[in-house]
Novice: 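Below you will find the structure I want to go over with you.
Letters A, B, ... mirror the listed sequences (proteins, then strands); counts begin at 1.
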There are 2 protein chains.
Amino acid sequence: MTVTIKDVAKEAGVSIATVSRIINKQAGYGKMTEQNVLAAIKQLGYTPNALARGLVGRETKTIGVIMPKVSGLFSAKLLEGIDKEARRRGFSVFVSHTQVNEGHALKDLQVFREKQVDGVIYISDELTPPQEDLLMDMKVPVILVATRSLRMNFPYVKVDDEQAMYDGTTYLIDQGHREIAFIGGENNDAIAGGPRDRGFRRAMADATIPVNELLIYYGNYQFESGVDGLHAFLASGDPFTAVATVSDETAIGVLSACWTAGLSVPEDVSVLGYDNTKAAVMAIPPLTTISQPLDAMGGRAVEQLLKLREHEEYDFKQTETPHSLSTTMLHQLKLRETIKRINREV
Amino acid sequence: MTVTIKDVAKEAGVSIATVSRIINKQAGYGKMTEQNVLAAIKQLGYTPNALARGLVGRETKTIGVIMPKVSGLFSAKLLEGIDKEARRRGFSVFVSHTQVNEGHALKDLQVFREKQVDGVIYISDELTPPQEDLLMDMKVPVILVATRSLRMNFPYVKVDDEQAMYDGTTYLIDQGHREIAFIGGENNDAIAGGPRDRGFRRAMADATIPVNELLIYYGNYQFESGVDGLHAFLASGDPFTAVATVSDETAIGVLSACWTAGLSVPEDVSVLGYDNTKAAVMAIPPLTTISQPLDAMGGRAVEQLLKLREHEEYDFKQTETPHSLSTTMLHQLKLRETIKRINREV
DNA sequence: CTGTTAGCGCCTTCAC
DNA sequence: GTGAAGGCGCTAACAG
């Protein structure tokens with residue numbers, strides 16, 4: 001049915017071993033035979049079978065990516081970086097857009113294992129113990145992006161979330177804001193939510209501004225969290241001049257809710273985002289946000305992943321220090337138009 | 001190194017055939033042996049090797065998806081539908097977010113072929129002849145989403161773009177608008193751009209409103225097209241009260257440019273989007289748009305794909321009528337807040 | 001009910 | 001330089 005290496009061999013009048021060598025550009029054959037074989041290949045329309053190749057060769061040139069379906073834009077940007085670098089290196093990418101359900105990620109990892117991916121990139125969610133165990137069991141390189149593992153020492157690629165949030169909040173304070181509301185991450189998770197929460201609080205503390213717990217809301221990084229958060233703040237009756245958030249989408253939710261409530265941004269309330277996805281530039285007004293170099297992070301992730309693979313390092317037992325291949329990328333405050341300076345009368 | 005079916009067989013004291021049967025839930029073995037084998041599997045931590053399986057079984061339980069990196073939100077919604085249905089049926093999804101470059105899609109198809117995907121879903125872009133040829137050559141089922149092939153008879157899943165745009169435009173007209181600008185698709189492509197362009201023009205014609213070519217702009221479905229388009233219209237000096245677009249992102253670009261220009265929506269200008277992605281609800285003001293049931297379309301695509309596979313129909317020569325598995329989904333006008341009624345004085 | 005035996009398409013020693 | 005042969009892990013007929 002389908003044309004195989006054997007057909008090519010016959011057509012070219014050589015053995016399959018020779019064909020294999022030529023396909024894989026290994027040395028050991030004459031210029032002439034090469035011509036013949038190449039001709040036969042073209043003539044027959046031969047395509048190598050990656051399954052057979054992977055079966056014997058023990059590499060599939062495939063890397064698996066697990067990412068929660070948080071924000072389309074967040075994923076897109078990250079994926080872009082991953083995809084580009086993977087492609088450059090001749091790898092394909094299997095993405096599992098883990099849906100709502102928590103169980104899926106584990107199942108997807110299992111599928112990755114069965115499909116023999118050469119490595120996995122795990123994005124932005126907290127790893128559960130079963131996942132960690134499975135990952136260790138798979139004996140493949142693993143890179144975490146925008147997240148960390150508490151129990152294992154998987155190398156990660158991320159920004160310093162606490163510092164980033166600290167810087168963002170400090171900027172707000174420097175602009176004269178004192179009553180600052182904050183919309184945090186899911187259950188204030190230990191991974192991204194926790195550090196950002198701490199960053200916010202530390203900045204407030206350093207400026208000796210007490211934080212008003214009524215102006216703190218924990219959401220899930222989505223648009224809805226932004227609108228719900230703003231409503232909660234409004235309902236509290238306590239005044240605030242700014243709201244800092246943990247994602248652009250959430251910030252846009254705030255923008256939207258403000259608009260609905262007749263509050264104008266930044267005149268009535270300033271808003272700070274996080275991520276610097278395309279949504280930030282599309283927002284009205286354009287969103288001032290803490291920028292994560294998402295595409296670079298994606299590229300870096302595959303780079304480190306392959307490095308890990310070269311070293312055949314598939315063991316990630318917990319240690320004191322972070323894995324040597326871990327990378328902390330630089331965040332940056334991206335000034336746009338949602339934060340206004342407040343002149344306080346003394 | 002890795003544990004195989006053979007190890008399990010030895011551990012359980014049976015033959016590999018029996019193990020295989022049990023794994024695949026085929027009939028023919030005793031309760032007892034099943035217990036033993038299952039125990040051995042668990043004990044050894046055995047996982048089937050999908051490559052070996054695919055090599056012999058001639059199915060990989062994998063479907064390949066090609067989609068241009070147009071809009072993160074557009075893709076996300078569609079992918080959600082695809083992913084969910086595929087998962088439900090035990091399939092994995094390989095997505096190729098075809099980047100900027102046109103050459104990539106063909107290369108990715110080639111990779112799909114080598115990896116022996118069981119079918120491919122091709123989204124939202126015009127197929128090039130080489131792609132069509134390759135697809136035919138691959139002998140796998142193919143479904144087109146939000147696009148069509150001119151030369152081949154691949155079944156598609158889409159909305160009636162012309163009618164949808166006609167309806168949207170007509171709505172604008174019914175609301176009293178006459179000077180309506182239009183931002184179309186890339187080069188006015190034959191696939192989505194063409195029909196939408198025609199739909200717009202037909203609606204105008206039916207209302208006996210001449211279209212002002214200065215108020216027509218062809219972009220690429222992105223945010224930037226919206227801002228550029230609006231600027232072009234403004235520069236023309238000709239008055240307009242509404243702008244119809246071919247994507248939500250473009251519409252949001254218009255919103256943004258209006259905001260910058262000090263025009264308020266919908267008071268000064270009404271705006272119509274297309275797609276009804278999440279961006280539409282996040283927009284300020286929330287965007288009135290033509291809704292494509294993206295998630296349903298995605299689900300439908302895999303459904304039809306697998307149906308094709310059952311029938312072993314891999315031949316898509318051009319015919320008079322569309323393929324019987326083609327589906328036209330219903331579009332719908334999603335009224336929100338970017339279109340205002342105009343009362344014209346007579 | 002269960003084991004034996006062929007391959008699936010390819011790569012990789014090992015001879016020649 | 002090139003060919004023959006032995007698997008990679010698994011499924012699918014055949015035999016029992």
Novice: Tell me yes or no: between the side chains of Tyr122(B) and Gln131(B), is some donor less than 3.5 Å from an acceptor?
Specialist: yes
Novice: Could you verify whether a donor N or O on one side chain and an acceptor N or O on the other, from Glu126(A) and Thr147(A), lie under 3.5 Å apart?
Specialist: no
Novice: Side chain of Ala52(B) only, please: which of dC10(D), dA12(D), dT13(C) is the nearest?
Specialist: dC10(D)
Novice: Distance check needed: dC8(C) P versus Glu59(B) CD, whole Å only.
Specialist: 18 Å
Novice: Both Tyr29(B) and Asn24(A) contact DNA chain C. Taking the nearest nucleotide for each, which residue is further toward the 5' end?
Specialist: Tyr29(B)
Novice: Counting side-chain heavy atoms from C-beta on, which of dA4(D), dC10(D), dC10(C) comes nearest to Tyr46(B)?
Specialist: dC10(D)
Novice: Spell out, as yes or no, whether a donor-acceptor pair under 3.5 Å connects the side chain of Asp295(A) to the backbone of Leu78(A).
Specialist: no
Novice: Please tell me if Ser20(B) has a side-chain N or O lying less than 4.0 Å from either OP1 or OP2 of dA12(D).
Specialist: no
Novice: Does dC1(C) have its OP1 or OP2 closer than 4.0 Å to a side-chain nitrogen or oxygen of Thr33(B)?
Specialist: no
Novice: Using whole Å, report how far NZ of Lys10(B) lies from P of dG3(C).
Specialist: 15 Å
Novice: Which part of the nucleic acid does Gly30(B) contact within heavy-atom distance under 4.0 Å: base, sugar-phosphate only, or nothing?
Specialist: sugar-phosphate
Novice: Using a heavy-atom cut-off of 4.0 Å across all strands, would you classify Val14(A) as base, sugar-phosphate, or nothing?
Specialist: sugar-phosphate
Novice: Starting from C1' on dA4(D), measure out to NZ on Lys6(A) and report it in whole angstrom.
Specialist: 13 Å
Novice: Rounded to the nearest 0.5 Å, what's the gap from CD on Gln110(A) to OG1 on Thr47(B)? Could you check?
Specialist: 5.0 Å
Novice: I need the CD-P distance between Gln26(A) and dT13(C), as an integer number of Å.
Specialist: 9 Å
Novice: Whole Å only: how far is the CG atom of Leu55(B) from the P atom of dC8(D)?
Specialist: 14 Å
Novice: For dC8(D) and Thr4(B) - does any side-chain N or O of the residue sit under 4.0 Å from the phosphate oxygens OP1/OP2?
Specialist: no
Novice: Write down the distance between CD1 (Ile16(B)) and P (dT5(C)), rounded to a whole number of angstrom.
Specialist: 11 Å
Novice: Check the phosphate of dT11(D) against Arg53(B), side-chain N and O only, distance under 4.0 Å to OP1 or OP2. Yes or no?
Specialist: yes
Novice: Nearest-Å distance, CG (Asn49(A)) to P (dC8(D))?
Specialist: 18 Å
Novice: Tell me the interatomic distance from Asp7(B), atom CG, to dC8(D), atom C1', rounded to whole angstroms.
Specialist: 13 Å
Novice: Measuring from atom CZ of Phe74(B) to atom CD1 of Ile123(B), what distance do you get when rounded to the nearest 0.5 angstrom?
Specialist: 7.0 Å
Novice: With a cut-off of less than 4.0 Å, is there a side-chain N or O of Thr18(B) near OP1 or OP2 of dC1(C)?
Specialist: no
Novice: On DNA chain C, nearest-nucleotide positions of Val56(B) versus Ala27(B): which is more 5'?
Specialist: Ala27(B)
